[in-house]
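Each chain gets a letter, A, B and so on, in the order the sequences are listed, and its residues count up from 1.
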Protein chains: 2
Amino acid sequence: MQQELKSEITKQLIIDKAFNLFYQNGFKTTSIDKIMKETTLSKGAFYHHYKSKKELGLEVISLKVEKRVVKGMIAPLKEPGNAYQIIKDVFTNRLKEFSTNEKQQGCPMNNLINEIGNNERAYQNALKNIIELWKTALVQILERGKQEHSIKEGVSSQAVATYLISAFEGIRGIRKLYTNDTVLDEYISGLTFYLNQIKK
Amino acid sequence: MQQELKSEITKQLIIDKAFNLFYQNGFKTTSIDKIMKETTLSKGAFYHHYKSKKELGLEVISLKVEKRVVKGMIAPLKEPGNAYQIIKDVFTNRLKEFSTNEKQQGCPMNNLINEIGNNERAYQNALKNIIELWKTALVQILERGKQEHSIKEGVSSQAVATYLISAFEGIRGIRKLYTNDTVLDEYISGLTFYLNQIKK
DNA sequence: CCAAAAACATACCTATTAGTATGTTTGTTT
DNA sequence: AAACAAACATACTAATAGGTATGTTTTTGG
């Protein structure tokens, strides 16, 4: 039983270090050697726990990346309160909370979507799963808002959810090109204006 | 003079093949060998014309990628006609025009932004330049729309431009994860709804 | 406590990478 | 036509990639 725990701890360590390196330097340019150097373990240890880099990548997505999105963008949507206000707060506050590094490096999920989202079906599905979770949560709160009369009814919740997510991921990429927050402020103004339209 | 022309033709050939490979397989995973195999020229030829892969990358961005965005998204904004209608048409029609491959591979610019937009300052600037061109053109037509009373005045043109671009680039990435156009249709609905807000 | 298995380490392999050194061929200039 | 430079080719290098083979150490179950 002690061994099983040790195995779990090691795998978690590998996943953590891999996520960080993928985020800072990209997926393709991060080698197993670099990851294992970070863990201070050996390559043998890696291939004992994972059969390939692909398998690790999938675990990083379904564990680390997904958890990050859930924590930052999905879970807050499920809190009680005025639906309209929650949506507005989540999308604007999250942006403002980001560290300098997070602004420069962009969104881990969006980076992966655009770096490896076209070659491997397995990566696609793992990433799509996160997007679907996010969209579902947004649709849910939009529907709640409609029922509680804080959000207009003549709008497709799916459409709004997709548009909100698209713009958020888009700006996280674009912000990487700049060295100041002007573009983020513009995004927030544009978003606020959009949300005004769905407000009842 | 004949030599100068030959040089230009060769460079253009290399850039074309490089752009295609970058688009289909990514920047980092495309080697000089692969590019030159496509041109049926040699590695020696490549390093005669370019001093590094980075130099080629910058030319691909500032020539091919920029031209593509200008042709598809910027130039149409400068045509005469109702400003509101032009914006709506450009953003919706362009999406519907994309081939299956273009839907699966996403936006060449956005792919590069998210794959190499964080390491090299030179890449950042080249890509930022395209975004700025796009934003400027959008602001211009939005301002024109305001003057001609087809677009509301109480909106920051910069904010709307940024939000429109963000959402467009975002959806091009997200669409890569899917095998059908549902998400694009939702985006268009969401966009239409947004544009309704700025319509006068 | 001892055999088996899990956890990890070391050394290696083949392929590929960006880039260089040194050619040969083709075009230009005088 | 000869001298020269530009255009391109061939053969290489050192580094790095993912992955494997073969160990040693640690834990576990009987």
Side-chain angles (χ1 to χ4, degrees), chain A residues 1-61 112 115-116 119-123 126, chain B residues 1-61 112 115-116 119-123 126:
Chain A
M1 259 307 151
Q2 185 185 332
Q3 214 164 28
E4 208 170 300
L5 185 75
K6 196 179 181 185
S7 175
E8 264 315 302
I9 289 172
T10 300
K11 287 190 79 176
Q12 197 54 54
L13 177 67
I14 294 172
I15 289 176
D16 283 352
K17 299 297 184 185
F19 171 83
N20 286 335
L21 287 170
F22 291 164
Y23 186 37
Q24 297 302 321
N25 309 318
F27 181 80
K28 290 168 183 169
T29 36
T30 298
S31 66
I32 306 299
D33 283 309
K34 285 175 192 160
I35 295 168
M36 294 317 284
K37 196 168 184 179
E38 282 290 306
T39 64
T40 65
L41 288 172
S42 70
K43 204 166 191 170
F46 176 83
Y47 282 99
H48 175 71
H49 292 285
Y50 294 98
K51 73 172 213 283
S52 65
K53 187 182 178 183
K54 182 174 160 184
E55 192 179 273
L56 171 66
L58 290 173
E59 284 214 1
V60 168
I61 294 171
L112 288 170
E115 188 185 351
I116 61 175
N119 7 348
E120 280 288 345
R121 183 60 59 92
Y123 292 139
Chain B
M1 259 307 152
Q2 186 184 334
Q3 216 164 27
E4 208 171 300
L5 186 75
K6 197 178 181 187
S7 175
E8 264 317 302
I9 290 172
T10 300
K11 286 190 79 176
Q12 197 54 56
L13 178 66
I14 294 173
I15 289 177
D16 283 351
K17 299 298 186 186
F19 171 82
N20 286 335
L21 287 170
F22 291 165
Y23 187 35
Q24 297 302 321
N25 309 318
F27 180 81
K28 290 169 185 171
T29 37
T30 299
S31 66
I32 307 298
D33 284 309
K34 285 177 191 160
I35 294 168
M36 296 316 284
K37 196 168 184 178
E38 283 289 306
T39 65
T40 65
L41 288 172
S42 70
K43 203 165 192 171
F46 176 83
Y47 281 99
H48 174 71
H49 293 286
Y50 294 98
K51 74 172 215 282
S52 64
K53 185 182 178 182
K54 182 175 160 183
E55 192 180 274
L56 171 66
L58 289 173
E59 284 216 359
V60 168
I61 293 171
L112 288 170
E115 189 185 350
I116 60 174
N119 3 347
E120 279 289 345
R121 182 60 59 91
Y123 293 138

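- In this structure, the separation between CG on A:D16 and CG on A:N20 is 7.0 Å, given to the nearest 0.5 Å.
- Of all heavy-atom pairs between B:L58 and B:A122, the closest is CD2-O, 3.5 Å.
- Listed by first and then second residue, the side-chain hydrogen bond (donor to acceptor under 3.5 Å, both in side chains) pairs involving residues 36-48 of chain B are B:D33-B:K43 (not counting sequence neighbours).
- In this structure, B:L56 CG and B:K54 NZ are separated by 13.0 Å, a value rounded to the nearest 0.5 Å.
- Taking atom CD1 of B:I9 as the reference point, atom C1' of C:dT26 lies 15 Å away to the nearest angstrom.
- Residues of residues 15-29 of chain B that place a heavy atom closer than 4.0 Å to DNA chain D do not occur.
- The ring pair (Phe, Tyr, Trp, His ring centres under 6.0 Å) test applied to B:Y123 returns B:F27, not counting sequence neighbours.
- In terms of the side-chain contact (heavy atoms from CB on, under 4.5 Å) criterion, residue partners of A:T30 (sequence neighbours excluded) are, by chain and number, A:L21, A:F22, A:N25, A:I35.
- Cation-pi geometry between B:K53 and B:F46 is not satisfied (NZ or CZ under 6.0 Å from the ring centre, within 45° of the ring normal).
- Atoms NZ (A:K6) and C1' (C:dA5) sit 14 Å apart, rounded to a whole Å.
- Taking only side-chain atoms of B:I32, from C-beta outward, the nucleotide of C:dA7, D:dG18, C:dA18 with the closest atom is C:dA18.
- Within residues 34-52 of chain A, the residues that place at least one heavy atom under 4.0 Å from DNA chain D are, in residue-number order, A:K34, A:K43, A:Y47, A:S52.
- Proximity of a side-chain donor or acceptor of A:E59 to a complementary backbone N or O of A:I15 within less than 3.5 Å is not detected.
- Whole-Å rounding puts the A:D33 CG to C:dC13 P distance at 16 Å.
- One finds the NZ atom of A:K17 at 10.5 Å from the CG atom of A:L41 (value rounded to the nearest 0.5 Å).
- Between A:E115 and B:K28, the shortest heavy-atom contact is OE2-NZ, 4.2 Å.
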Exercise for review: Show your working on side-chain contact (heavy atoms from CB on, under 4.5 Å) between B:T10 and B:I14 and close with a plain yes or no.
Suggested key: CA-CA 6 Å; B:T10 300; B:I14 294 173; 4.1 Å; yes

What protein N or O atoms touch nucleotides 13-15 of chain D N or O atoms at under 3.5 angstrom, if any, and at what distances?
none

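- The shortest distance between the side-chain N/O atoms of A:S7 and the OP1/OP2 oxygens of C:dA6 is not below 4.0 Å.
- Rounded to whole Å, atom C1' of D:dT28 lies 14 Å from atom CG of A:L5.
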